[in-house]
Amino acid sequence: MSQKPYDVTFTPEDQKRTHRLARVVAPPLKTVYRVFGRWVDENPHNIPQDGPAILAVYHASLLDPVFVALSLWSNGRMPRFMAKSPLFTGIIGRPMRALGQIPVLRNSATASDSLKYARKALDAGECVVIYPQGTLTKNPELWPENFKTGVARLALESGVPIVPVAHWGTSALMPPGAKKPALKPGNIVRISYGEPIDISGIEATRENLRTITNHVEAVIARDVARLSGKPLPERYTHALELSL
Ligand SMILES: CCCCCCCCCCCCCCCC(=O)OC[C@@H](O)COP(=O)(O)O
């Protein structure tokens, strides 16, 4: 680990450096990822083309971050993932830092620093990618669940809309708990970008944070249902409307 592993900055020089590296890394990563199949974007016009963006993404496989990263990069956005701090050490740590990703210190007194980094990234006009579950879904049927309120807090503080992102197809390759991925070159991963949810001007009460969070979860669940062809469980339906 470097001396100051959690000092993340987004200066114009950092941006240039990280983009330069991404341009080198993306093509071989795309080639390697073909052994897991290909991905298809749905409604990529919902990805803000420039300026700050918050993407809330469904997490159902250890493989999905790279599909989402490649999709965003191919759509003109350099993703800044919030990722658990152990991913910033060792072999993966070096590129994670060099690519300007954002470490999350779990269960520590400094856990909230991670949102400060995210805020800094937004102030610099970056595209911040967050897994609101904080971990892979534990739901046996892979429905999104237990979303944490960080996305809503960040959006309320910054006034930046939330883009809900669902996907389907990575759990066939590597479901939660699997030790290694299956190679399925014919596999298709569909990534669906939902309409941005604008919550600017809403008061940051505990209740509102929970309502917004449940809404984002329900919208992602609805898109997972559509992509997977499974019926949406009843428990999500009331939060599909955002009523504050
Ligand atoms: C392609 C060109 C642009 C490249 C951009 C950089 C791509 C980096 C993608 C990697 C981002 C990794 C994000 C991981 C998020 C995370 O940390 O989730 C935790 C779960 O996994 C597992 O958690 P758990 O099982 O609870 O330990």
Side-chain angles (χ1 to χ4, degrees), residues 1 5-6 8 10 14-36 38-39 41 44 47 53-108 110-111 113-115 117-118 121 124-140 142 144-148 150-151 154 165-167 170-171 173-181 189 191 220:
M1 202 181 279
Y6 305 120
V8 189
F10 301 95
D14 294 329
Q15 289 169 326
K16 244 180 253 162
R17 189 173 39 80
T18 53
H19 282 231
R20 215 163 32 227
L21 181 57
R23 273 197 292 276
V24 175
V25 169
L29 209 54
K30 254 186 214 177
T31 308
V32 170
Y33 253 59
R34 284 311 296 263
V35 301
F36 303 126
R38 64 193 174 91
W39 86 85
D41 295 323
I47 306 167
I54 301 172
L55 272 66
V57 185
Y58 168 63
H59 198 16
S61 168
L62 292 176
L63 293 176
D64 63 55
V66 176
F67 277 108
V68 173
L70 288 170
S71 165
L72 286 168
W73 176 256
S74 305
N75 281 290
R77 289 304 310 236
M78 171 73 188
R80 310 289 179 180
F81 281 83
M82 296 193 71
K84 59 180 181 179
S85 55
L87 291 176
F88 290 75
T89 60
I91 252 183
I92 306 177
R94 207 177 252 265
M96 285 293 279
R97 289 195 301 267
L99 287 162
Q101 305 305 298
I102 303 171
V104 180
L105 291 103
R106 288 165 158 175
N107 310 320
S108 78
T110 44
D113 278 356
S114 320
L115 279 184
Y117 295 139
E126 295 287 350
C127 174
V128 175
V129 183
I130 305 183
Y131 286 114
Q133 283 167 180
T135 185
L136 290 165
T137 180
K138 302 280 189 289
N139 183 278
L142 302 179
E145 64 178 15
N146 294 334
F147 274 30
K148 300 193 168 50
V151 164
L154 191 63
V165 184
H167 52 76
T170 55
S171 54
L173 301 164
M174 193 176 184
K179 293 276 179 288
K180 56 181 174 66
V189 175
I191 305 176
I220 290 177

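Excluded from the calculations below are hydrogen atoms, water molecules and symmetry mates; all remaining heavy atoms, backbone and side chain alike, are included. One-based numbering along the sequence shown. Start at 1 and go down the list; that is how both ligands and their atoms are numbered.
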**Student:** How close does the nearest protein non-hydrogen atom get to atom 4 (C) of ligand 1, and which residue and atom is it?
**Tutor:**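 Minimum-distance protein heavy atom for atom 4 (C) of ligand 1 reads L99 CD1, 4.2 Å.
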
**Student:** Considering only the protein, which heavy-atom contact is closest to atom 11 (C) of ligand 1, and what is its distance?
**Tutor:**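 Among all protein heavy atoms, the one nearest atom 11 (C) of ligand 1 is F81 CG, 3.6 Å.
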
**Student:** For atom 12 (C) of ligand 1, grab the closest protein heavy atom and report residue, atom and distance to one decimal in Å.
**Tutor:**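 For atom 12 (C) of ligand 1, the nearest protein heavy atom comes out as P65 CB, 3.9 Å.
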
**Student:** Identify the protein heavy atom lying closest to atom 25 (O) of ligand 1, giving its residue, its atom name and the separation to 0.1 Å.
**Tutor:**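 Protein heavy atom with the smallest distance to atom 25 (O) of ligand 1: T135 OG1, 3.7 Å.
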
**Student:** Is the side chain of Q101 donor-acceptor paired with the backbone N or O of L99 at a distance under 3.5 Å, no angle test?
**Tutor:**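 Checked: pair present.
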
**Student:** If we set the cut-off at 4.0 Å for heavy atoms, which region of V104 has an atom near ligand 1: side chain, backbone, both, or neither?
**Tutor:**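 V104 to ligand 1: no contact under 4.0 Å from either part.
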
**Student:** Say whether K30 and ligand 1 are in contact under the criterion: heavy-atom distance to a ligand atom below 4.0 Å.
**Tutor:**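 False for this residue.
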
**Student:** Any side-chain heavy-atom pair from F67 and S61 closer than 4.5 angstrom?
**Tutor:**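 A side-chain contact under 4.5 Å is absent here.
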
**Student:** Any idea which protein heavy atom is nearest atom 1 (C) of ligand 1, and the distance to it?
**Tutor:**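 The protein heavy atom lying closest is L70 CD2, 3.7 Å.
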
**Student:** Specify the protein heavy atom at minimum distance from atom 13 (C) of ligand 1: its residue, its atom name, and the distance to 0.1 Å.
**Tutor:**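 So the nearest neighbour among protein heavy atoms is A83 CB, 3.7 Å.
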
**Student:** Could you tell me how the ring of Y131 sits relative to the ring of F81: parallel (under 30°), tilted (30 to 60°) or perpendicular (over 60°)?
**Tutor:**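 Y131 and F81: tilted rings.
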
**Student:** Which of the atoms of ligand 1 are close to A69, meaning less than 4.0 Å from one of its heavy atoms?
**Tutor:**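 Going through ligand 1 atom by atom, the ones under 4.0 Å from A69 are 7 (C).
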
**Student:** Between H19, K84, H59, Q101, flag the one that comes closest to atom 18 (O) of ligand 1 by a heavy atom.
**Tutor:**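 The residue whose heavy atom sits nearest atom 18 (O) of ligand 1 is H59.
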
**Student:** Of all heavy-atom pairs between A56 and I220, which one has the smallest distance, and what is that distance?
**Tutor:**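 Closest approach of A56 to I220, heavy atoms only: O-CD1, 3.5 Å.
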
**Student:** By the definition side-chain contact (heavy atoms from CB on, under 4.5 Å), identify the one residue from N75, V68, L70 that meets it with L72.
**Tutor:**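 Testing L72 for a side-chain contact (heavy atoms from CB on, under 4.5 Å) against N75, V68, L70 leaves exactly one candidate, V68.
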
**Student:** Looking only at heavy atoms, is any part of V66 under 4.0 Å from ligand 1, and if so is it the side chain, the backbone, or both, or is it neither?
**Tutor:**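 For V66, no heavy atom sits under 4.0 Å from ligand 1.
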
**Student:** Do other residues, nucleotides or ligands put more than 12 heavy atoms under 6.0 Å from the CG atom of L29?
**Tutor:**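 Enclosed.
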
